Amino acid sequence: MEGSFNFEKVERKTDDLKSISDSLRSMADEREKEIEPEKLKVKNAMEKGIEKQIRIHVRNMVRMRHEVVSYRQISNRLNSMVDYFDKEPEGSKVLSLIPAIVESIDSSLTSGNTRNMLKTMDQIDKQFFDDEIVAKFTSSSATESTPTAMSEDEEISTLIKKIADEYNMKASIELEPSKRTALREEDKEVKKVDEGEVGVKTKSKSCFNIFACWCH
């Protein structure tokens with residue numbers, strides 16, 4: 001019957017989006033497991049009184065936490081997108097958007113940068129969907145707690161104090177502006193290495209082998 005709802009065909013078209021969502025959720029779980037070992041490195045650096053190492057490892061923890069939240073937020077938004085497409089009847093023009101959306105997300109994933117991924121999701125929302133639909137997508141990501149808005153230095157200082165309290169240690173790091181700037185430059189170098197590793201790791205998985213040719 002013309003215009004009838006074909007669940008099987010629509011489901012095939014959304015398989016790639018589902019796979020991306022599942023892969024991002026797995027990435028979040030893997031990254032979350034890396035936080036605890038990093039915290040132990042902070043503890044060891046505190047015991048030795050190595051200020052530079054304390055800051056480096058705490059900064060890594062802050063970055064990892066942000067990545068975990070971002071991966072899960074994007075995963076939730078993709079799940080909402082899949083739900084939306086699944087409700088569209090076979091033959092709907094809306095379904096023709098899926099290949100372009102998958103391609104855009106694929107490109108952002110290869111960068112290994114969560115900020116780029118979030119920007120890509122925002123661009124996709126603006127380009128392909130109206131405000132009412134976008135509101136439904138983004139509301140789903142609210143189930144993941146967003147880190148408190150504060151500067152990187154504030155996050156680092158807060159986490160240092162929290163870890164010190166947890167291990168009943170003293171770790172008060174008060175930096176002069178000039179020294180803070182120098183350490184931030186050192187942190188940037190560490191970040192370049194870290195992000196490079198993430199990018200290589202993501203690419204090596206070929207985006208988890210989920211971006212096959214569009215042949216449905």
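Everything numeric in this text was worked out from a predicted model, so none of it was measured.
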Rounded to the nearest 0.5 Å, what separates atom [atom1] in [X] from atom [atom2] in [Y]?
X      : Y      : atom1 : atom2 : answer
Phe128 : Ile133 : CZ    : CD1   : 13.0 Å
Thr114 : Ile74  : OG1   : CD1   : 7.0 Å
Gln123 : Asp125 : CD    : CG    : 10.0 Å
Ser96  : Glu88  : OG    : CD    : 10.5 Å
Leu24  : Leu109 : CG    : CG    : 5.5 Å
Glu67  : Met64  : CD    : CE    : 7.5 Å

Closest approach of [X] and [Y], non-hydrogen atoms and distance?
X      : Y      : answer
Ser104 : Thr120 : O-CG2, 3.6 Å
Met46  : Ala164 : CE-N, 3.9 Å
Pro89  : Leu95  : O-CD1, 3.7 Å

Next on the checklist: With a 4.5 Å cut-off on side-chain heavy-atom distances among I, L, V, M, F, W and Y, is there a chain of contacts connecting Val42 to Ile50?
Outcome noted: no
Sidechain-backbone polar pair: [X] side chain, [Y] backbone, donor-acceptor under 3.5 Å:
X      : Y      : value
Ser111 : Ser107 : no
Ser108 : Ile105 : yes
Ser157 : Glu154 : no

Side chain to side chain contact (heavy atoms under 4.5 Å, CB included) with [X]: which residues, sequence neighbours excluded?
X      : value
Asp131 : none
Leu40  : Tyr167
Val82  : Thr14, Leu17, Lys18, Asp86

Considering residues at least two apart in sequence or located in another chain, which fulfil the side chain to side chain donor-acceptor pair (under 3.5 Å) criterion with [X]?
X     : value
Ser26 : none
Ser75 : Ser21
Glu47 : Lys43
Asp29 : Arg72

Report yes if some heavy atom in the side chain of [X] is under 4.5 Å from a heavy atom in the side chain of [Y]; otherwise report no.
X      : Y      : answer
Phe137 : Met121 : no
Thr158 : Lys162 : no
Leu159 : Glu155 : no
Ile156 : Met61  : no
Ile101 : Met81  : yes
Arg77  : Asp122 : yes

Is there a side chain to side chain contact (heavy atoms under 4.5 Å, CB included) between Lys126 and Val134 once you walk through the steps? CA-CA 8 Å; Lys126 291 179 181 179; Val134 170; over 6 Å; no
Using the rule given for salt bridge (Lys or Arg N to Asp or Glu O under 4.0 Å), can you reason through Lys33 versus Glu30, listing the C-alpha separation, both sets of side-chain angles and the distance that settles it, and then say yes or no?
CA-CA 5 Å; Lys33 292 176 183 178; Glu30 290 177 8; over 6 Å; no
Does [X] have any salt bridge (Lys or Arg N to Asp or Glu O under 4.0 Å) partners at least two apart in sequence or in another chain, and if so, which?
X     : result
Asp22 : none
Glu36 : Lys39
Lys41 : Glu38

